[in-house]
Amino acid sequence: MTDLSDLLTPEAVASALPVANKKNLFLQLGAVAARAYELDAKLVSERLAAREKLGSTGFGGGIAIPHAKIEGLKQVIAIVARLPQPIDFAAVDELPVDLVFALLSPVDAGAEHLKALARVSRRLRDRNFAAKLRGAGSPDALYALLTGVEARDAA
């Protein structure tokens, strides 16, 4: 199991984020980033939206990995959201998105940013794992799946 705990805190996981479109999603992700990481919510939402204008981060299979670079960050961090109603994301397979794994990186984190994107995309490409994420009943359950907490707790 790939452990993503170095990217994520429990406060950065939302299991039922109600949004109607990408713009609203990015605003909500900014709000989560503000609570979880004390970042500027407006800046985060603006950066995610600006990156999205370059091309959809809809990865396929109902999953999106929006990402942006933010001044002042010391390391790559993440925000995870499961949406109760999928939204159009102009994904490569044209399927609406209900799982979102947003990555925020330091401005100078070129290789680190790409490695984090690759790790996350490899993990989320696993359809069985994605199904488990969709079935998680709470933010804590989502966090446990993404970080391997349940595997460590069971050991």
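Everything quoted here is computed from the prediction, not taken from an experiment.
Proximity of a side-chain donor or acceptor of S56 to a complementary backbone N or O of A90 within less than 3.5 Å is detected. Listed for the D3 side chain is no donor-acceptor partner under 3.5 Å among the backbone atoms of G148. Judged by distance alone, with hydrogens and angles left aside, the side-chain atoms of R123 form no donor-acceptor pair with the main-chain N or O of F129 at under 3.5 Å. T57 places no side-chain N or O within donor-acceptor distance of the main-chain N or O of A64, the cut-off being under 3.5 Å. At distances below 3.5 Å, not a single donor-acceptor pair connects side-chain atoms of R122 with backbone N or O atoms of D126.
Among all heavy-atom pairs drawn from L145 and A136, the shortest one is CD1-CB, 4.0 Å. When all heavy atoms of V19 and L25 are compared, the closest pair comes out as CG1-CA, 3.7 Å. Across all non-hydrogen atoms, the minimal contact from A130 to L99 is O-CD1, 3.8 Å. The two atoms that bring L104 and A33 nearest to each other are CD1-CB, 4.3 Å, heavy atoms only. In this structure, P66 and F26 approach most closely via the heavy-atom pair CB-CE2, 3.9 Å. Taking both residues in full, the closest heavy atoms of I87 and L83 are given as CG1-CD1, 3.9 Å, listed atom of the first, atom of the second, then distance.
In this structure, the separation between CG on L7 and CD on Q75 is 8.0 Å, given to the nearest 0.5 Å. For the atom pair CG of L146 and NZ of K132, the computed distance is 11.5 Å after rounding to the nearest 0.5 Å. To the nearest 0.5 angstrom, I77 atom CD1 is 8.0 Å from I70 atom CD1. One finds the CG atom of L95 at 10.5 Å from the CG atom of D88 (value rounded to the nearest 0.5 Å).
Remark: D6 engages R119 in a salt bridge, criterion side-chain N to carboxylate O under 4.0 Å.
In this structure, S15 and L142 have side chains that are in contact, with non-hydrogen atoms separated by less than 4.5 Å. Side-chain contact between L133 and I63: absent, with no pair of heavy atoms (C-beta onward) separated by less than 4.5 Å.
By the side-chain contact (heavy atoms from CB on, under 4.5 Å) test, A12 is found to be paired with L8, T9, A36, Y37, residues two or more places apart in sequence or in another chain being considered. Residues passing the side-chain hydrogen bond (donor to acceptor under 3.5 Å, both in side chains) test with R82, sequence neighbours excluded: none. When the side-chain hydrogen bond (donor to acceptor under 3.5 Å, both in side chains) test is applied to K22, the partners found at least two apart in sequence or on another chain are E52. Taking N21 as the reference, K23, N24 meet the side-chain contact (heavy atoms from CB on, under 4.5 Å) condition, with sequence neighbours excluded. In this structure, E38 has no salt bridge (charged side-chain N to carboxylate O under 4.0 Å, His left out) partners at least two apart in sequence or on a different chain. In terms of the side-chain hydrogen bond (donor to acceptor under 3.5 Å, both in side chains) criterion, residue partners of S105 (sequence neighbours excluded) are, by chain and number, H113.
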Next on the checklist: As a quick check of understanding, evaluate side-chain contact (heavy atoms from CB on, under 4.5 Å) for V92 and F59, giving each step before the final call.
Outcome noted: CA-CA 6 Å; V92 295; F59 167 96; over 6 Å; no
Item to check | Stepwise side chain to side chain donor-acceptor pair (under 3.5 Å) test for S138 and D140 | outcome: CA-CA 5 Å; S138 69; D140 289 341; 5.1 Å; no
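Among L17, L39, V32, the single residue meeting the side-chain contact (heavy atoms from CB on, under 4.5 Å) criterion with I79 is V32.
Cluster annotation: V80 and L27 are assigned to distinct hydrophobic clusters (Ile/Leu/Val/Met/Phe/Trp/Tyr, side-chain heavy-atom contacts under 4.5 Å, transitive).
Residue-environment remark: CD (E71) exceeds the threshold of 12 foreign heavy atoms within 6.0 Å. Atom CD of E112 is surrounded by more than 12 heavy atoms from other residues, nucleotides or ligands within 6.0 Å.
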